[in-house]
J.: 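Take a look at this one; I'll ask things after.
Every heavy atom of this structure was used, including side-chain atoms; hydrogens, water molecules and symmetry mates were not. Atoms within a ligand are numbered from 1 in the order they appear, just like the ligands themselves.
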Amino acid sequence: MIYEVVIGVEVHAQLRTKSKLFCGCGTVFGLTANSQTCPLCLGLPGSLPVLNQAAVEMAVRAGLALNCTIAANNMFARKNYFYPDLPKGYQISQYEAPICEHGWIEIAVNESRRRVRIRRAHLEEDAGKSVHVAGTNGSRVDLNRAGTPLLEIVTEPDLRSSEEVVAYLKSLRDVLMYLEVCDGNMDEGSFRCEPNLSLRPLGQKEFGTKVELKNINSFKFVKDAIEYEIKRQTKVLSEGGTINQETRLWNLERGETVVMRSKEEAHDYRYFPDPDLVPLKLDKEWIDGCRKHVAELPVTRMRRFVSEFALSEYDAGVLTASKAVADYFEACVTLFNQPKTVSNWVMGELTRELNNSGTDASASPVAPERLVSLLQLVEQGTISLKVAREIFPEVYSSGKTPEQIVQEKGLIQVSDEVALDKIIGDVIEKNPTQVAQFKEGKQQVLGFLVGQVMKTSGGKANPGKVNELLKKKLG
Ligand code: ADP
Ligand code: MG
Ligand code: ZN
């Protein structure tokens with residue numbers, strides 16, 4: 001029997017608001033436990049929620065970018081369950097009337113592009129965290145995260161492989177980061193994903209029973225967990241078994257998914273409209289106002305880079321994957337109108353240094369102006385391209401300007417004919433065999449001789465000039 005994989009994904013994206021969804025407490029990650037709390041997010045009786053407008057704006061911006069319909073009327077519901085990190089005994093979420101519905105996002109897998117449908121995106125508050133300190137008894141509860149605004153984004157079951165899921169997650173994360181509504185940090189839990197996965201015999205219309213996967217905090221684990229789960233379900237079904245509807249956790253050490261709980265149904269949560277919050281009405285003008293703040297998105301920007309800067313789709317795709325990198329690239333091109341050269345440097349030398357030091361392009365110690373000043377030194381013939389590449393790590397790490405480094409190290413390119421003549425004369429003298437071969441018509445020997453001159457000059461000779469002078473000398 002051949003099975004088809006069916007996957008739908010739920011993502012919880014933390015919105016980048018300064019304060020929580022229903023109180024004024026801050027949302028900074030990693031502070032002392034319970035230092036960011038108040039009676040409301042501690043769930044004390046008598047406290048009343050007030051909706052954070054910035055969170056609504058961010059949700060609407062994300063919804064518009066994801067081609068969703070924005071609900072003019074939406075409301076908040078209580079999702080009831082008991083857990084130590086949820087002191088109120090319910091989570092405020094949206095159930096019947098989510099803020100965004102019926103959208104789509106484009107993904108690219110193996111050169112082909114297609115749409116994945118977004119079923120809904122709704123606002124909800126995050127829960128706190130249970131903390132287990134090794135060597136101590138019991139668990140502790142940190143409520144700093146309780147009440148932080150989340151946008152839960154749910155796809156239709158449109159995905160068919162782990163590659164598609166990863167492509168979807170990357171596109172979605174790019175969009176949210178571009179819009180500056182989510183910082184996308186997977187280690188800190190700002191972008192959490194839960195794939196739902198089922199199998200069905202190829203050709204069958206009805207979906208099989210799905211399993212929800214949790215505890216996946218990197219793209220690599222998404223792929224590993226899905227591949228594992230496909231194998232597990234295939235085995236169960238092939239042996240005539242049935243899949244239990246359940247939530248399974250990805251266990252990194254064991255490289256397998258492990259049952260966490262059997263899946264609860266919606267009615268288990270006893271959803272009902274939150275009587276403390278009035279229905280939220282958004283008028284058309286206000287939604288249109290949000291539309292103006294929807295930034296140019298990665299795919300659009302990629303297409304513009306191809307047409308405006310004559311870059312390949314591949315290069316444009318790499319440059320626009322991160323907003324910070326794309327901004328950096330454009331800032332350079334404004335100062336130095338050679339897009340292909342800039343693109344090579346940004347994707348090559350700069351990216352290498354940023355990756356090595358774990359730095360985001362927005363915080364690059366080499367600002368666009370400084371990179372451009374290095375490119376101008378090459379352009380003017382002051383230094384060779386080779387020297388420029390060699391000194392870049394120092395430009396990056398020392399805080400010195402390229403000019404300073406070039407001066408200090410005496411790296412100024414030799415274009416002066418008298419100086420070059422002398423080196424060329426020496427090289428000709430030392431390599432009579434190659435010179436004879438060249439004179440017999442073996443053109444490719446010229447490259448060797450140019451190389452010798454470059455070497456003797458310590459890489460400082462201007463290769464164009466060397467070529468020209470050598471040819472002249474050898475007649
Ligand atoms: P639940 O109520 O169990 O959370 P939902 O209907 O809300 O289930 O769907 C949650 C996610 O699971 C959605 O992304 C949806 O596309 C996906 N999904 C639903 N049914 C299936 C299925 N049979 N196989 C794979 N994914 C599914
Ligand atoms: Mg669900
Ligand atoms: Zn609070």
J.: For ligand 1, find out whether one of its N or O atoms is nearer than 3.5 Å to an N or O atom of P157.
T.: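 For ligand 1, there is an N or O atom that lies under 3.5 Å from one belonging to P157.
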J.: Should the pair Y81 and Y83 be assigned to parallel (<30°), tilted (30 to 60°) or perpendicular (>60°) ring geometry?
T.: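 It falls in the tilted class, 30° to 60°.
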J.: Would you mind writing out the side-chain donor-acceptor pairs for residues 17-28 within the sub-3.5 Å range, not counting sequence neighbours?
T.:
unit_1: T17; atom_1: OG1; unit_2: S19; atom_2: O; d: 2.7
unit_1: S19; atom_1: OG; unit_2: N52; atom_2: ND2; d: 3.4
unit_1: K20; atom_1: NZ; unit_2: Q36; atom_2: O; d: 2.8
unit_1: K20; atom_1: NZ; unit_2: L143; atom_2: O; d: 3.4
unit_1: K20; atom_1: NZ; unit_2: N144; atom_2: O; d: 2.9
unit_1: K20; atom_1: NZ; unit_2: A146; atom_2: O; d: 2.9
unit_1: T27; atom_1: OG1; unit_2: T17; atom_2: O; d: 2.8
unit_1: T27; atom_1: OG1; unit_2: K18; atom_2: O; d: 3.2

J.: Using a cut-off of 2.8 Å, find all protein N, O or S atoms closer to the Zn ion (ligand 3) than that distance.
T.: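 Under 2.8 Å from the Zn ion (ligand 3) - ignoring waters, which are not counted - the protein N, O or S atoms are C23 SG, C25 SG, C38 SG, C41 SG.
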J.: So which of N196, T209, I7 gets nearest to atom 12 (O) of ligand 1, if we judge by its closest heavy atom?
T.: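 Closest candidate by heavy-atom distance is N196.
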J.: Ion pair present between D126 and R145, side-chain N to carboxylate O less than 4.0 angstrom?
T.: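 Looking at R145 together with D126, the answer is yes, because their closest N to O distance falls below 4.0 Å.
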J.: I need the single residue from F309, F336, W345 that forms a ring pair (Phe, Tyr, Trp, His ring centres under 6.0 Å) with F329. Which is it?
T.: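 Only one option passes, and that is F309.
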J.: Going by salt bridge (charged side-chain N to carboxylate O under 4.0 Å, His left out), E125 matches just one of K79, R78, K88. Which one?
T.: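 Going through K79, R78, K88 one by one, the salt bridge (charged side-chain N to carboxylate O under 4.0 Å, His left out) with E125 is satisfied by K88 alone.
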J.: Report the part of R119 (side chain from C-beta onward, or backbone N, CA, C, O) that has a heavy atom under 4.0 Å from ligand 1; answer both or neither where that applies.
T.: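 It is the side chain that touches ligand 1; the backbone stays farther off.
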J.: Is it the side chain, the backbone, both or neither of D158 that has a heavy atom closer than 4.0 Å to ligand 1?
T.: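 For D158, there is no contact with ligand 1 at all, from either part.
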J.: Could you check which of K210, Q245, E212 puts a non-hydrogen atom nearest to atom 1 (P) of ligand 1?
T.: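 Looking at heavy atoms only, the winner is K210.
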J.: Do R115 and W104 form a cation-pi contact, if we require the NZ or CZ to be under 6.0 Å from the six-membered ring centre and within 45 degrees of the ring's axis?
T.: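 That pair qualifies as a cation-pi contact.
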J.: Is the closest side-chain heavy-atom distance between L282 and V56 below 4.5 Å?
T.: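 Of all side-chain heavy-atom pairs linking V56 with L282, at least one is under 4.5 Å.
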